[in-house]
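In what follows, every chain begins at residue 1, and chains take the letters A, B, ... in the order their sequences are listed.
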Amino acid sequence: MARIVVGMSGGVDSSVAALRLKREGHEVIGVFMNNWEETDESGVCSAERDWADVQRVCEIIDIPYYSVNFARAYRERVFAYFLDEYRRGRTPNPDVLCNREIKFSAFLDFALTLGAQKVATGHFAGVDRRDGRYALLRSADENKDQTYFLYMLGQRALSYACFPVGGMTKAQIRDCAAQAGLPTSAKKDSTGVCFIGERNFKQFLQQYLPAQPGDMVTAAGRVVGRHDGLMFYTLGQRRGLGIGGGGDGRRWFVVGKDLAGNRLIVEQGDDSPRLYSGWAQAGALSWIAGRAPVEDGRPFECMVRLRHRQTLQGARITIEGDCAHIRFDRPQRAVTPGQAAVFYLGDECLGGGAIDRAEHDGMTGGAQT
RNA sequence: UGGGAUGUAGCCAAGCGGUUAAGGCACGGGACUUUGACUCCCGCAUUCGCAGGUUCGAAUCCUGCCAUCCCAG
C-alpha cells in the first residue's frame with residue numbers, strides 16, 4: 001500500500017499502468033502533463049484530446065487526477081538544448097533529456113509534494129535493486145523497450161520509479177485495457193518528439209531557426225544539388241534530398257556536413273564506406289549507477305545501441321574521464337553526433353552518452369566538440 | 001543553316017512495326033516508430049520534341065519543322 005502518482009499521457013500504456021497499480025491496492029493519483037502549448041499544423045491541439053482521455057480513464061479506474069504544466073521548464077531545460085544542438089549542426093535526442101529534466105525531475109518533485117512514495121509511468125522498462133543500488137532493466141517486450149530514452153536517469157529517480165507495464169507485451173497491455181473498458185485500449189501509439197508530437201519536422205524547425213540554403217556536394221566536391229539549410233538533414237538521411245537520376249542511379253544519402261562552408265555532403269549507395277563507422281566517441285556520460293562500471297582506461301565489453309529500437313550491438317568501450325571511446329564489433333551505419341549511445345550488459349542498461357564524433361562522420365567546420 | 005548525333009515522366013534510362021510504354025532515382029501516400037533518421041509497402045507518362053504521311057496497326061518507318069550537343073568553319 002503506497003501512494004503512487006502515475007504520469008498519464010492519455011495513451012494505453014500509462015492507462016494500464018494506473019489500472020494495475022489501483023488493482024494492487026495502492027492509492028493511485030493520475031497526473032497529466034501539458035508541456036507544449038501549441039497547436040499543430042492542422043490547428044489541432046492533441047494535448048486536449050489526451051487530457052480528455054486521461055480524465056475518462058481515471059473516472060473508470062476511479063482515481064483522482066490532476067493536470068500540471070511544465071511548459072516553461074520544458075522550454076528552458078529541453079527545448080533550448082534541442083535548438084542549440086541543431087545550431088551546431090548536430091542531431092539531438094530531446095526525449096532523453098525530457099525524461100531526466102521533466103518526467104523524472106520536475107514531475108517527480110511535483111509528485112513528492114502530493115505525498116507520493118513512488119512515481120509510475122507507462123514506459124517499457126524495469127527497475128530492480130541489485131547489489132545495493134537500483135538497476136534499470138530492459139522491458140519484457142524486446143520490441144518495445146524504451147530504456148534507450150531513460151539512460152540519463154540516476155539513482156534518485158530510479159529509487160522512486162516504477163514501471164507497471166514494463167513486464168508486459170504491447171498486446172497484453174491492449175487486452176488488459178480492452179477488458180477493463182478503457183477508452184484508450186485501441187488508441188494508436190503516439191510518436192514524434194515527446195509532448196510536441198508528430199509533425200512536419202522541417203516546417204517545425206523552420207519556426208525556430210533561420211534556414212541558410214547552400215550546395216549539396218559529393219565527398220569528392222562535385223556539386224549535385226542545393227539544400228535548404230543544414231539543420232534540416234541528418235546523417236544517413238535519404239529522403240528530401242531531391243536529387244535523382246545521374247551517377248549510377250542509386251539512392252543518395254547524407255554522409256556529412258561542412259558547417260563552415262554550409263555544404264551538405266552526400267554520397268550514392270547505401271553501402272558507401274562514408275556511411276559506416278568502426279568507432280565513435282561519446283561525451284557527457286551518464287551512468288545509472290552514478291559512476292562508470294569500470295575504472296578509466298580499462299576496456300570492457302558490452303552491448304550498445306545507437307538509436308531507439310536498434311538491435312543491441314557488441315562493442316568494446318574504454319572510458320577516459322567524461323569520454324567513452326567505443327569500438328564496434330561491426331561497423332555501424334550513420335553514427336550521428338548528438339544522438340545517444342546507450343550501453344547494456346545483460347538485461348541491464350548501464351547508462352550512456354551523447355555521440356560527439358565517429359569514424360567517417362563527415363562533420364567538419366565546428367560540429368565537433 | 002557544311003557534316004554528324006540526339007530528342008521517351010522532375011532526372012537517368014529500356015524499348016527499334018503490334019499494344020499494359022521496362023527499370024532505377026526523385027516525388028506523393030501508407031506501414032513501422034515516444035528523437036532525428038533508416039527500412040518496408042503502394043502510387044506515379046491513354047503517352048513517347050512538334051506537324052504531317054506510310055500501314056489493319058507506329059514511340060518504333062518516311063517527310064518537314066523545332067530544340068540540344070559534337071565536329072568542321
Taking [atom1] from [X] and [atom2] from [N], how many angstroms apart are they, rounded to a whole number?
X: Asn93(A); N: U33(B); atom1: CG; atom2: C1'; value: 13 Å
X: Lys103(A); N: U35(B); atom1: NZ; atom2: P; value: 11 Å
X: Lys170(A); N: U33(B); atom1: NZ; atom2: P; value: 8 Å
X: Arg305(A); N: U33(B); atom1: CZ; atom2: P; value: 14 Å
X: Glu267(A); N: C25(B); atom1: CD; atom2: C1'; value: 16 Å
X: Tyr86(A); N: G36(B); atom1: OH; atom2: C1'; value: 5 Å
X: Lys144(A); N: U33(B); atom1: NZ; atom2: C1'; value: 7 Å
X: Asp361(A); N: A37(B); atom1: CG; atom2: C1'; value: 16 Å

Leu97(A) reachable from Ile102(A) in the ILVMFWY side-chain graph, under 4.5 Å edges: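 Yes, same cluster.
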Span that lies between the [atom1] atom of [M] and that of [N], in whole angstrom:
N: A22(B); M: A59(B); atom1: P; answer: 13 Å
N: U54(B); M: G18(B); atom1: C1'; answer: 16 Å
N: U33(B); M: U47(B); atom1: C1'; answer: 40 Å
N: G64(B); M: C69(B); atom1: P; answer: 23 Å
N: G17(B); M: C62(B); atom1: C1'; answer: 13 Å
N: U6(B); M: G15(B); atom1: P; answer: 14 Å

Hey, is the side chain of [X] poking within less than 4.0 Å of OP1 or OP2 on [N], counting only N and O atoms?
X: Arg309(A); N: U39(B); answer: no
X: Arg333(A); N: U39(B); answer: no
X: Arg250(A); N: C25(B); answer: no

_Salt bridge Arg222(A)-Asp215(A), side-chain N to carboxylate O under 4.0 Å_ =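 Result for this pair is no, no salt bridge flagged.
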* Before accepting this row, confirm whether a basic side-chain N of the pair Lys144(A)/Asp13(A) lies closer than 4.0 Å to the acidic partner's carboxylate O. =>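 Looking at Lys144(A) and Asp13(A), the cut-off is not met.
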Pairing check on [N]: which nucleotide meets the Watson-Crick or G-U wobble criteria with it, both distances under 3.5 Å?
N: U63(B); answer: A51(B)
N: U35(B); answer: none
N: G17(B); answer: none

- Query: Does C32(B) adopt a syn or an anti glycosidic conformation, taking syn as a chi angle within 90° of 0?
  - Reply: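 That one's anti.
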Using every non-hydrogen atom in the two residues, find where Gly321(A) and Leu285(A) come nearest and quote the distance to one decimal.
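Residues Gly321(A) and Leu285(A), closest heavy atoms: O-CD1, 4.1 Å.
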Is there side-chain contact between Phe107(A) and Met33(A), with at least one heavy-atom pair below 4.5 Å?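 Of all side-chain heavy-atom pairs linking Met33(A) with Phe107(A), at least one is under 4.5 Å.
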Check: Between C40(B), U35(B), A37(B), which nucleotide gets closest to the side-chain atoms of Arg251(A)?
Finding: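 Taking heavy atoms from C-beta onward, the closest nucleotide is C40(B).
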Sugar-phosphate only, base, or nothing, as touched by Ser9(A) at under 4.0 Å among non-hydrogen atoms
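Result for Ser9(A) = nothing.
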